[in-house]
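Just so it is clear, the values below take in all heavy atoms, side chains as well, and ignore hydrogens, waters and symmetry mates. Remember, it's a predicted structure, so these values are computed and weren't measured experimentally.
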Amino acid sequence: MASVRHHSHFFITNDNVKLHYLDKGEGQPIVMLPSWSLSTDIYQHQITALSKKYRVIALDMRGHGLSEKVDYGYKIYRFAHDLYECLNHLDIQGATLLGHAVGASIILCYWELFGSRHIKKLILVDRAATPIINPAWSSDDIAHFGPTSDTATVQTLCHQIASVGGRQYQQILLNYMLSKNISNTDKQHILDSASGLPNTGAANLFYDNYHQDWRNTLKYISLPTLIIAGSGSPIAVSSQRWMSQQIKHARLRVFAVEEGGKHFPFIENPKKFNHLIDEFLQS
């Protein structure tokens, strides 16, 4: 599958990092943020289809994709500031932000830091309110908050990532994150979008993302929000339903397992995913 390499641009952040972004199409802007260790190529199906009707911008966060590989700034709040600088650089107003997993965490941090500046809608794909489990939580709490790991396990994983790199770790997890009937082509597409994120940066970002807690942020979001979940995802659907109930103007859409409803619905079922995005942008 050919990579999307056209309409490629760069800008420099206030801490002197050269960031890459794709900018294709015209009209209402939608800005896409990939998840941990992935590049903008992961949204190839969305960029190709949605840019026929909208202005689609996809940002490679620092260390990811074609962005500069630096040894600092691998934290969610810094990535949110990088996003803010990108929107300033492009003089974007009224954008819809779309983020997958870590990308969704960046969006929630952006809201907390900058509110509705430059943006008017949010799309959050498969992100729990807080990924770290608290032993004091009840079973209902766990179902609502969506944690997937404990502190000790995250520490161990971070050590492994720092040693072997994010790409190898991602390969190990693919079967856990993907439907059994995914094509080899689509599976390879995910691997090909891995960015060569520096090992230490990958570990630092992994750790920082896992320790974000957005439970109290959700109820203050005043923008229309679309939450997209998968019934077979490691992130429990119950947690996505709870999130949608915390945000005043949120709607929830769930992909069944047979529809590619695990961690990458935008790759496993791009036609339905793109339709949901188009429907939301038009509402």
Side-chain angles (χ1 to χ4, degrees), residues 3-14 17-35 38-62 64-67 76 79-125 127 193 221-228 247 249-251 253 265-267 270-283:
S3 295
V4 178
R5 289 299 185 193
H6 46 277
H7 305 276
S8 185
H9 307 275
F10 295 86
F11 77 100
I12 305 296
T13 67
N14 70 347
V17 182
K18 186 177 181 181
L19 298 186
H20 170 256
Y21 64 93
L22 298 172
D23 189 351
K24 185 180 182 185
E26 298 179 355
Q28 184 178 345
I30 177 170
V31 181
M32 300 181 176
L33 304 174
S35 188
L38 300 173
S39 72
T40 53
D41 283 351
I42 201 73
Y43 289 129
Q44 177 176 312
H45 295 307
Q46 286 64 54
I47 295 168
T48 300
L50 294 173
S51 64
K52 297 175 183 177
K53 191 173 182 179
Y54 305 101
R55 182 181 180 184
V56 180
I57 299 159
L59 177 62
D60 276 330
M61 307 312 296
R62 61 181 61 207
H64 293 69
L66 297 180
S67 288
I76 297 299
F79 281 25
H81 197 279
D82 290 344
L83 170 60
Y84 179 73
E85 288 192 55
C86 181
L87 297 178
N88 272 338
H89 170 75
L90 294 171
D91 194 24
I92 295 291
Q93 302 299 328
T96 295
L97 299 182
L98 183 157
H100 170 229
V102 173
S105 189
I106 296 167
I107 290 173
L108 292 170
C109 186
Y110 181 99
W111 169 261
E112 198 166 83
L113 293 174
F114 305 110
S116 61
R117 276 180 275 180
H118 299 292
I119 64 175
K120 69 175 185 179
K121 291 183 178 180
L122 310 178
I123 302 173
L124 309 175
V125 183
R127 162 70 202 196
S193 73
I221 295 175
S222 58
L223 300 180
T225 301
L226 174 63
I227 295 174
I228 298 178
I247 300 173
H249 305 290
R251 64 184 74 172
R253 298 292 182 266
F266 51 94
I267 290 179
K271 184 175 181 180
K272 177 176 178 176
F273 187 91
N274 293 347
H275 174 75
L276 290 177
I277 302 308
D278 182 44
E279 182 181 66
F280 181 62
L281 291 175
Q282 293 297 313
S283 63

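The heavy-atom pair separating L66 from S8 by the smallest distance is CD1-OG, 4.4 Å. Closest approach of N274 to H45, counting heavy atoms only: ND2-O, 3.5 Å. Considering all non-hydrogen atoms of both residues, A104 and R127 come closest at CB-CB, 3.5 Å. For the residue pair P34 and I42, the shortest heavy atom distance occurs at CB-CG2, 3.9 Å. Nearest approach of V125 to P265, heavy atoms of both residues: CG1-CG, 4.3 Å.
Rounding to the nearest 0.5 Å gives a distance of 11.0 Å between CD1 of I76 and CD1 of I107. The distance from the CD1 atom of I30 to the CD1 atom of I123 is 4.5 Å, given to the nearest 0.5 Å. Here the straight-line distance linking atom OG1 of T96 with atom CE of M32 works out to 10.0 Å at 0.5 Å rounding. Atom OH of Y21 and atom CG of L59 lie 9.5 Å apart (nearest 0.5 Å). Atoms CD1 and CG, from I119 and L97 in turn, are 4.5 Å apart once rounded to the nearest 0.5 Å. Separating the NZ atom in K24 from the OG1 atom in T48 is a distance of 5.0 Å, to the nearest 0.5 Å.
Other residues, nucleotides and ligands contribute at most 12 non-hydrogen atoms within 6.0 Å of the CD atom of E26.
Every pair tested for salt bridge (charged side-chain N to carboxylate O under 4.0 Å, His left out) that includes a residue from residues 101-120 fails, sequence neighbours excluded, so the list is empty.
With 3.5 Å as the limit, one finds a donor-acceptor pair spanning the side chains of H81 and E85.
Taking the ring pair (Phe, Tyr, Trp, His ring centres under 6.0 Å) definition, one finds that F266 meets it with Y43, H100, F264, F273, sequence neighbours left out. The side chain to side chain contact (heavy atoms under 4.5 Å, CB included) test applied to S222 returns W111, not counting sequence neighbours. The side-chain hydrogen bond (donor to acceptor under 3.5 Å, both in side chains) search around D91 returns none, not counting sequence neighbours. Looking at residues two or more places apart in sequence or on another chain, you find a ring pair (Phe, Tyr, Trp, His ring centres under 6.0 Å) between Y84 and F114, H118.
Between F10 and H20, the ring-plane angle classifies as tilted under the 30° and 60° cut-offs.
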Derivation and outcome, side-chain contact (heavy atoms from CB on, under 4.5 Å), residues L108 and I221: CA-CA 9 Å; L108 292 170; I221 295 175; 3.7 Å; yes
Evaluation steps, side-chain contact (heavy atoms from CB on, under 4.5 Å), between S67 and V17: CA-CA 8 Å; S67 288; V17 182; 5.9 Å; no
From CA spacing to verdict: side-chain contact (heavy atoms from CB on, under 4.5 Å), R62, T13: CA-CA 10 Å; R62 61 181 61 207; T13 67; 3.9 Å; yes
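For the pair L223/H249, no side-chain contact is recorded, criterion being any heavy-atom separation below 4.5 Å from C-beta on. Counting heavy atoms from C-beta outward, M61 and L19 have side chains that stay 4.5 Å or more apart.
Side-chain atoms of S35 come within 3.5 Å of backbone N or O of V102 as a donor-acceptor pair. When atom types are taken as modelled, the side chain of D60 and the backbone of S39 share no donor-acceptor pair closer than 3.5 angstrom.
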Please set out all donor-acceptor pairs under 3.5 angstrom arising from side-chain atoms of residues 275-283, sequence neighbours excluded.
{"from": "D278", "atom 1": "OD1", "to": "K53", "atom 2": "NZ", "distance (Å)": "3.1"}
{"from": "D278", "atom 1": "OD1", "to": "Y54", "atom 2": "OH", "distance (Å)": "2.4"}
{"from": "D278", "atom 1": "OD2", "to": "K53", "atom 2": "NZ", "distance (Å)": "3.4"}
{"from": "Q282", "atom 1": "NE2", "to": "Y54", "atom 2": "OH", "distance (Å)": "2.7"}
{"from": "S283", "atom 1": "OG", "to": "R251", "atom 2": "NH2", "distance (Å)": "3.4"}
{"from": "S283", "atom 1": "OG", "to": "F280", "atom 2": "O", "distance (Å)": "2.6"}

